Amino acid sequence: MSLTPPAVVTAPRSGLQMFQEHLAAGGGPRQPIERLLGIRPIAVSPGSAVMRLTPRQDHENGAGILHGGMYATVLDNACAAACYTTVPEGTRIVSTDLTVKFLRSAAGDSGVLTCEAEVVNRGRRNVLVQARMTDESGRLLAHATCTIMIVG
């Protein structure tokens with residue numbers, strides 16, 4: 001009779017664990033778009049994420065205010081991060097819609113903007129997330145809802 005030790009089974013890391021380890025190691029941008037635009041993950045918890053952006057002049061539109069695409073990108077990025085905390089690491093997700101309500105303008109000298117996102121509903125394949133972008137004084141600049149599909 002041979003005594004074979006039991007196989008060690010390790011559970012895959014979750015997206016939440018991956019984010020937490022990244023932040024514990026000093027954080028910073030994780031994706032090319034975050035590096036390009038200066039988006040920084042700040043905090044995560046199950047079903048939520050916080051991102052920050054310090055607007056620059058090259059983020060502004062022709063009127064000298066933060067381009068709407070910047071708002072949308074940061075909000076979408078935060079929503080995706082919140083969703084990612086609910087799935088195993090390596091899971092592929094994609095936004096299927098994003099609705100942004102622009103409430104106040106910001107500019108390159110507006111200071112740090114904070115975007116907080118939270119999962120509203122987590123289905124098997126679709127995740128509904130909402131996010132808020134505020135300035136340093138806590139004024140609401142934009143609100144978004146996003147549907148994210150888990151694709152694999």
Side-chain angles (χ1 to χ4, degrees), residues 12-123 125-152:
R13 287 184 340 154
S14 68
L16 176 63
Q17 289 169 313
M18 181 276 308
F19 264 112
Q20 289 170 331
E21 290 168 10
H22 174 77
L23 292 172
R30 301 167 304 110
Q31 303 176 50
I33 192 72
E34 291 175 349
R35 283 190 293 280
L36 177 67
L37 300 177
I39 302 168
R40 298 179 321 278
I42 300 301
V44 292
S45 59
S48 69
V50 179
M51 301 284 184
R52 289 220 172 111
L53 172 74
T54 302
R56 306 182 309 238
Q57 283 189 328
D58 62 335
H59 294 155
E60 295 176 352
N61 64 20
I65 58 176
L66 189 65
H67 190 282
M70 285 298 300
Y71 278 80
T73 300
V74 177
L75 289 159
D76 180 64
N77 192 263
C79 287
C83 174
Y84 201 68
T85 67
T86 71
V87 298
E89 180 186 22
T91 301
R92 293 175 38 221
I93 61 175
V94 63
S95 298
T96 58
D97 71 41
L98 176 70
T99 302
V100 179
K101 301 296 183 190
F102 301 97
L103 304 171
R104 287 190 172 89
S105 61
D109 61 357
S110 292
V112 177
L113 306 181
T114 301
C115 190
E116 300 176 29
E118 67 176 339
V119 171
V120 175
N121 186 66
R122 167 80 158 75
R125 297 251 333 179
N126 291 298
V127 182
L128 177 63
V129 187
Q130 68 178 352
R132 302 168 35 92
M133 181 184 288
T134 57
D135 65 13
E136 288 182 334
S137 65
R139 293 182 316 147
L140 184 62
L141 303 177
H143 180 271
T145 56
C146 183
T147 305
I148 298 175
M149 182 185 297
I150 299 168
V151 294

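Hydrogens, waters and symmetry mates are skipped; everything else that's a heavy atom, side chains included, is used. Just so we're clear, the structure is a prediction, and the values are computed from it rather than from any experiment.
- Looking at every heavy atom in both residues, Leu141 comes nearest to Ala106 through CD1-CB, 4.1 Å.
- Under the 4.5 Å side-chain criterion, counting only non-hydrogen atoms from C-beta, Asp135 is not in contact with Ser110.
- For residues 26-61, there are no ring-ring contact (aromatic ring centres under 6.0 Å, His included) pairs, not counting sequence neighbours.
- Between the side chain of Arg104 and the backbone N or O of Arg139 there is no donor-acceptor pair closer than 3.5 Å.
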Residues Arg122, Ile150; criterion side-chain contact (heavy atoms from CB on, under 4.5 Å); working and verdict | CA-CA 10 Å; Arg122 167 80 158 75; Ile150 299 168; 3.5 Å; yes
Determine, stepwise, if the pair Ile148 / Cys146 fulfils side-chain contact (heavy atoms from CB on, under 4.5 Å).
-> CA-CA 6 Å; Ile148 298 175; Cys146 183; 3.7 Å; yes
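- Pairs of residues two or more places apart, or lying in two chains, that qualify as ring-ring contact (aromatic ring centres under 6.0 Å, His included) and include a residue from residues 85-119 are Tyr71-Phe102.
- Taking CE of Met133 as the reference point, atom NE2 of His143 lies at 12.0 Å (rounded to 0.5 Å).
- To the nearest 0.5 Å, the span separating CE on Met51 from CG on Leu37 amounts to 12.0 Å.
- Between Pro41 and Leu23 the shortest heavy-atom distance is O-CD2, 3.4 Å.
- Atom CG of residue Leu113 and atom CD of residue Glu136 lie 8.0 Å apart, to the nearest 0.5 angstrom.
- Looking at heavy atoms from C-beta onward, Thr114 lies out of side-chain contact with Ile42 at the 4.5 angstrom threshold.
- Atom OG1 of Thr85 and atom CD of Gln20 lie 9.0 Å apart (nearest 0.5 Å).
- Between the Glu116 side chain and the Arg132 main chain, no donor and acceptor come within less than 3.5 Å of each other.
- At distances below 3.5 Å, at least one donor-acceptor pair connects side-chain atoms of Thr96 with backbone N or O atoms of Thr147.
- Residues satisfying the side chain to side chain contact (heavy atoms under 4.5 Å, CB included) test with Asn61, not counting sequence neighbours, are Ala63, Ile65, His67.
- Between Leu128 and Gln130 there is no side-chain heavy-atom pair separated by less than 4.5 Å.
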Got a list of side-chain donor-acceptor pairs under 3.5 Å for residues 74-84, not counting sequence neighbours?
residue, atom, partner, partner atom, Å
Asp76, OD1, Ser95, OG, 2.6
Asn77, ND2, Glu34, OE2, 3.4
Tyr84, OH, Gly90, N, 2.5

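- Between Ala144 and Leu98, the shortest heavy-atom distance links the atoms CB-CD1, 4.0 Å.
- The side chain to side chain contact (heavy atoms under 4.5 Å, CB included) test applied to Ala43 returns Val50, not counting sequence neighbours.
- Heavy-atom minimum distance, Val100 versus Ala142: CG1-CB, 4.3 Å.
- By the side chain to side chain contact (heavy atoms under 4.5 Å, CB included) test, Ser45 is found to be paired with Ser48, residues two or more places apart in sequence or in another chain being considered.
- Of the inter-residue distances, the one linking Asn126 atom CG with Asn121 atom CG reads 9.5 Å to the nearest 0.5 angstrom.
- In this structure, Thr73 contributes its side chain and Met70 its backbone to no donor-acceptor pair below 3.5 Å.
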